[in-house]
Amino acid sequence: MLVLAIAASLALSACQREPTATDAAAPGTTRPAPQDETADAFIARVNAELKEMYPELTAAQWLSNTYIIDDSQLLAAKANEKFLTSLNAWIEQARRFEGQDMSPETARAINLLKLGTSMPAPRDPQKLAELTRIATRMEGMYGAGTYCSNPEDPSSCRQLGALEDVLAKDRSYEAQLDAWQGWHSISRPMREDYVRFVELVNEGARELGYADAGEMWRSGYDMSPVELAAETDRLWGQVKPLYEQLHCYARARLEAQYPGRGSVDGLLPAHLMGNMWQQDWGNLWDILAPYSQQQAGADLDVGGALERRYQSELNARLARENALIDSERRAEVVRAAQLESARQMTRQAEEFYVSLGMPKLPESYWEKTQFIKPRDRDVVCHASAWDMNMGGEDGKSPDVRTKMCIKPNEEDFFTIYHELGHVYYYLAYNHLPPLFQAGAHDGFHEAIGDTIELAMTPAYLKSIGLVGDQQTSQEALVNAQMRMALAKVAFMPFGLMIDRWRWGVFDGSITPDRYNQAWWELKAKYQGVAPVAPRGEDFFDPGAKYHVPGNTPYTRYFLSHVLQFQFYKALCDAAGHQGPLYECTFAGNKAAGEKFWAMLSKGASQPWQQTMKELTGGETMDASAVLEYFAPLQEWLKQQNEGRSCGWQAPAPAPAPAPAADNG
Ligand code: X8Z
Ligand code: ZN
């Protein structure tokens, strides 16, 4: 989501100078640069203006995300237009200082300003307005996406949440295929918009001096864009053997579950992985659990426990009602129970952070957050965390929120911890100037909540009453590791392939006539996943993943899946943990909490390498903590896969069309 992307880089504590009558501009617009302004004064002014205009932008975005209608979209597009126009003006004004001496902080702030959006806009006002309209429309189309299996019958219509439930729970091959194909039909109309979107952001990126928007995205990591790309290859090389073992194991189990149709030429069928994008295989626990609960002597059914809690909440509420309630009243009661259960799950997550010594969430968080899917309108359900006002004025409470459509299941329970990671990062760096109110890099932002997730060990889950007694057995260990691997290891190649696709789209090596083909080539190459029926260019399957129409860069999640294990290890050390890494939880440990908070409160004020050093002692991203963590599982998988022929052959990519003679 745009706001997150920019929030990740923009805010100021107070105006550095009083605006005078001569340089006053309309609230929230850029003032002309004073003649004798120094670079330091310039950055102070940008920080002030940014903070001033920010609440109006986020309010419009919040509205269009939580109430999708033409009017809210118009306002969001306009607010975005205003913001991107200001951003371009600031960047233009910053050129005056090129080559001049300035403090490292100011130089850093100017660079962050240039990278202040993942949607670089052309300077041409008409094109800029067109871009914001397209962006808002695509996100709205995703949020409102609905598949009707029988177009004549409105009761056959389902949105993403209901279709995801089918993949999560229904083991019928056909029902899953219908849900998967159904959702992938909603993005067909986005294709034309996306082609134009790419042209426009590329134009914006070129005007800023980048080769294309992809190169700009790769420039936000305190290293060259070429180095960043090489880093992702290197890190993937570290975890690939583990993924291949997991893939091999999952394939064998699927082939047993669906004889003759559990794989497609050695690749995993896209609709059978329990998840719309095959990025998290946790829902396949019924098929992939190494040992039964009895064998392991430990239960890990967090989803079941949450579902039971919700049901008893609902039953208690229904018991208080008149036996003859009508369907309208019943729906109200159901909603009240859903809301209560969602809030309870969120309280539980908050408690983890508070147990580390972090503050309670402000009261306004509980009032303004969207916890569950509203009944009466379309919303973007994809989970997100918002800082509405960069900490607010001095002395006022910050306005932070999350927006989710929480259901009582394990995946959403984890996602709440993930989202609160963003929220606590906001709270920790709200004291910084707006331009430094961002993650050390965007992968850091994604890794905070996930670091906590790693600390949600069976022992922790038991301590909060979500699972029962845990015996220590080899079987229990393998089960616990598998549960984590289905979320974390399965994710990694997906985390990589999305931007491999977009980098190619932005640099022109993937042309619109090959959008879908290239998408599935990358899915095959990295994830070893394939659709069971051809997906031609009449589809636009990338658009069925939120971050494509939402234009959120994705490499951040891949990096986060490496970083979170490094952070976890460092916090376990801080907590004085002894023994194997995977046994560690730092819940309730104030020393770990202090170390974490210190890292968060640095925001983007220094190169991430420095921030990482302060937390972990090292300055590079490194997947060896991933491998250390999963060592027992990898051993077990090797034994299980003995005698199987693992790996897969990705179909050879079709040759790219010859490049255009002149690409400008
Ligand atoms: O988009 C998210 C978060 C919001 S930043 C819910 N995630 C990625 C996804 O869902 O695709 C978290 C993990 C990966
Ligand atoms: Zn996130």
Side-chain angles (χ1 to χ4, degrees), residues 1-8 61 65 118 139 142-143 160-161 164 167-168 183 187 273-283 342 345-346 349 369-371 373 379-387 400-407 409-426 438-454 484 486-499 501-502 523 526-527 529 541-565 567 600:
M1 194 213 33
L2 172 79
V3 171
L4 290 181
I6 55 169
Q61 301 266 354
N65 264 252
S118 54
E139 192 175 11
Y142 184 93
L160 179 58
E164 285 183 296
L167 301 187
W183 178 249
S187 50
M273 300 312 294
N275 175 281
M276 201 57 86
W277 311 277
Q278 312 81 45
Q279 67 184 69
D280 181 331
W281 303 348
N283 289 324
M345 288 160 74
T346 310
T369 280
Q370 178 193 295
F371 290 99
K373 189 175 194 297
V379 301
V380 179
C381 274
H382 189 85
S384 51
W386 299 59
D387 181 354
V400 288
R401 317 174 184 177
T402 52
K403 175 190 63 60
M404 287 184 67
C405 298
I406 299 175
K407 292 186 268 192
N409 62 41
E410 173 166 357
E411 200 175 335
D412 282 3
F413 189 55
F414 272 66
T415 301
I416 296 169
Y417 285 72
H418 173 94
E419 295 306 328
L420 290 195
H422 291 304
V423 169
Y424 277 98
Y425 215 161
Y426 298 147
H441 69 51
D442 55 8
F444 277 59
H445 229 302
E446 297 305 334
I448 307 312
D450 283 25
T451 301
I452 306 278
E453 287 177 9
L454 292 175
M484 230 17 136
L486 295 179
K488 304 293 184 192
V489 180
F491 179 83
M492 288 187 174
F494 180 74
L496 206 58
M497 64 78 44
I498 295 223
D499 280 356
W501 184 80
R502 277 190 297 201
K523 297 278 290 181
Y526 287 102
Q527 290 182 279
V529 160
D541 293 328
K545 174 67 193 166
Y546 169 73
H547 302 70
V548 174
N551 194 43
T552 309
Y554 214 83
T555 303
R556 57 181 63 177
Y557 301 105
F558 172 74
L559 298 177
S560 143
H561 276 67
V562 173
L563 287 171
Q564 59 191 256
F565 287 87
F567 296 169
L600 301 182

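Start at 1 and go down the list; that is how both ligands and their atoms are numbered.
Among the candidates Phe567, Tyr425, Tyr557, the single residue satisfying the ring pair (Phe, Tyr, Trp, His ring centres under 6.0 Å) test with Phe444 is Phe567.
Among the heteroatoms counted here (N, O or S) of Glu446, OE1 is the one nearest to the Zn ion (ligand 2). For His418, the N, O or S atom closest to the Zn ion (ligand 2) goes by the atom name NE2.
Using a 4.5 Å heavy-atom threshold, the side chains of Phe494 and Lys523 count as touching. The shortest side-chain heavy-atom distance between Gln278 and Trp281 falls under the 4.5 Å cut-off.
Using modelled atom types, one side-chain atom of Asp499 and one backbone atom of Thr555 make a donor-acceptor pair closer than 3.5 Å. Looking only at distances, a side-chain donor or acceptor of Asn283 sits under 3.5 Å from a matching main-chain atom of Gly274.
Near His422, with a cut-off below 4.0 Å to any heavy atom, the atoms of ligand 1 are 5 (S). Residue Tyr554 has at least one heavy-atom neighbour below 4.0 Å for each of these atoms of ligand 1: 8 (C), 9 (C), 11 (O), 14 (C). The ligand atoms of ligand 1 that sit less than 4.0 angstrom from a heavy atom of Phe491 are 14 (C). Close approach to Ala383 involves these atoms of ligand 1, each under 4.0 Å from a residue heavy atom: 4 (C), 6 (C). Ligand-side atoms of ligand 1 in range of Lys545: 9 (C), 10 (O), 11 (O), range being under 4.0 angstrom from any heavy atom. Taking a cut-off of under 4.0 Å to the non-hydrogen atoms of His418, the atoms of ligand 1 that pass are 3 (C), 4 (C), 5 (S), 12 (C). Ligand-side atoms of ligand 1 in range of Glu419: 3 (C), 4 (C), 6 (C), range being under 4.0 angstrom from any heavy atom. Counting atoms of ligand 1 from 1 in the listed order, those under 4.0 Å from a heavy atom of Glu446 are 5 (S).
Using a cut-off of 2.8 Å, one finds that His445 contributes no N/O/S atom close to the Zn ion (ligand 2).
Between His382 and Tyr546, the angle of the ring planes stays under 30°, which puts this pair in the parallel group of the 30/60° scheme. Between Tyr417 and Phe413, the ring planes are perpendicular. Angles over 60° get that label, and only those under 30° would be called parallel.
The shortest heavy-atom contact between Ser560 and Glu446 is OG-O, 3.4 Å.
When heavy-atom distances to ligand 1 are checked against a 4.0 Å cut-off, Trp277 has no atom that comes that close, whether in backbone or side chain.
Residue contacts with ligand 1: His561 is placed with no nitrogen or oxygen under 3.5 Å of a nitrogen or oxygen of the ligand (distance criterion only). Of the polar atoms of His382, at least one N or O is found under 3.5 Å from an N or O of ligand 1, judged by distance alone.
For His547 and Tyr142, the gap between ring centers reaches or exceeds 6.0 Å.
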